[in-house]
Amino acid sequence: RLFSVPGSTAATPERVPVPVLLIGKSGVGDAIDSFNINATYFSHRNVPVLGAIFNKMNLEGFYSLENCKEAIDMYFDKFQPDKRAFGYIPQIPALTNARENV
């Protein structure tokens, strides 16, 4: 589908939107809310959203990667069947605060 640049008066379309894959937060509620806000932004601009990859997931505890993956997968199955969670990236302890140590 063709997409016109907002504010453009050109009679011809200027570009074709490229589908996006969002990079999400860890956890469940904030991760899903952030996905929805960003997916809505792109959707309103006629840019297809494929789904998301969730980043910096804890390996242990209540919000562990395993627990969050289960909840987020259920959310996508029920409420976003045309999109999907493409993956979950664990938090890497050696990289925590790495920016500050450079």
Side-chain angles (χ1 to χ4, degrees):
R1 194 162 107 168
L2 297 176
F3 176 85
S4 296
V5 175
S8 172
T9 58
T12 58
E14 297 183 25
R15 68 182 180 116
V16 176
V18 175
V20 297
L21 181 63
L22 300 174
I23 305 301
K25 298 179 175 187
S26 62
V28 177
D30 193 22
I32 289 171
D33 290 346
S34 296
F35 172 82
N36 287 329
I37 289 169
N38 288 293
T40 300
Y41 173 85
F42 284 106
S43 177
H44 281 280
R45 282 152 184 80
N46 297 318
V47 177
V49 176
L50 300 174
I53 296 172
F54 294 92
N55 196 19
K56 298 182 183 176
M57 306 295 284
N58 291 318
L59 293 175
E60 299 174 351
F62 184 77
Y63 290 106
S64 68
L65 187 150
E66 183 178 327
N67 291 341
C68 292
K69 179 184 183 314
E70 180 180 349
I72 292 171
D73 285 347
M74 283 193 307
Y75 169 80
F76 274 90
D77 289 344
K78 186 171 183 178
F79 298 107
Q80 299 280 353
D82 59 328
K83 297 171 181 60
R84 65 179 247 198
F86 281 85
Y88 300 86
I89 300 172
Q91 184 171 11
I92 301 170
L95 296 179
T96 302
N97 299 322
R99 195 179 317 173
E100 289 80 16
N101 296 326
V102 174

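Note that the structure is predicted; figures quoted are calculated from it, not measured.
Both L50 and I89 are part of a single hydrophobic cluster, where members link through side-chain heavy atoms under 4.5 Å apart. F79 and V49 fall within the same hydrophobic cluster, defined by Ile, Leu, Val, Met, Phe, Trp and Tyr side-chain heavy atoms under 4.5 Å apart, directly or through other members.
Between A31 and S26, the closest heavy-atom pair is CB-O, 3.8 Å. A pairwise comparison of heavy atoms in I53 and F86 identifies CG1-CB, 4.0 Å as the closest pair. The minimum heavy-atom distance linking G27 with I72 is given by the pair O-CD1, 3.4 Å. Annotation for N38 and S34: closest pair ND2-O, 2.8 Å, computed over non-hydrogen atoms. The minimum heavy-atom distance linking C68 with Y63 is given by the pair SG-O, 3.5 Å. In terms of heavy atoms, V47 sits closest to V18 at CG1-O, 3.4 Å.
Here the CD1 atom belonging to I23 is positioned 11.5 Å from the CZ atom belonging to F35, to the nearest 0.5 angstrom. L65 CG to E60 CD: the interatomic distance, rounded to the nearest 0.5 Å, is 12.0 Å. Between atom CG of residue L22 and atom CG of residue N55 there is a gap of 12.5 Å, rounded to the nearest 0.5 Å.
The number of heavy atoms from other shown groups lying within 6.0 Å of CD (E66) does not exceed 12. Enclosure of atom OH in Y41 is not indicated, since only 12 or fewer non-hydrogen atoms of other residues, nucleotides or ligands lie within 6.0 angstrom. The environment of NZ in K25 is sparse: at most 12 heavy-atom neighbours from other residues, nucleotides or ligands sit within 6.0 Å. Few gaps surround CZ on F76; more than 12 heavy atoms of other groups in view lie less than 6.0 Å from it.
Put simply, the side chain of S43 never gets that close to the backbone of A39: no donor and acceptor are under 3.5 Å apart.
Side-chain contact check for D73 versus Y88: some heavy-atom pair is nearer than 4.5 Å.
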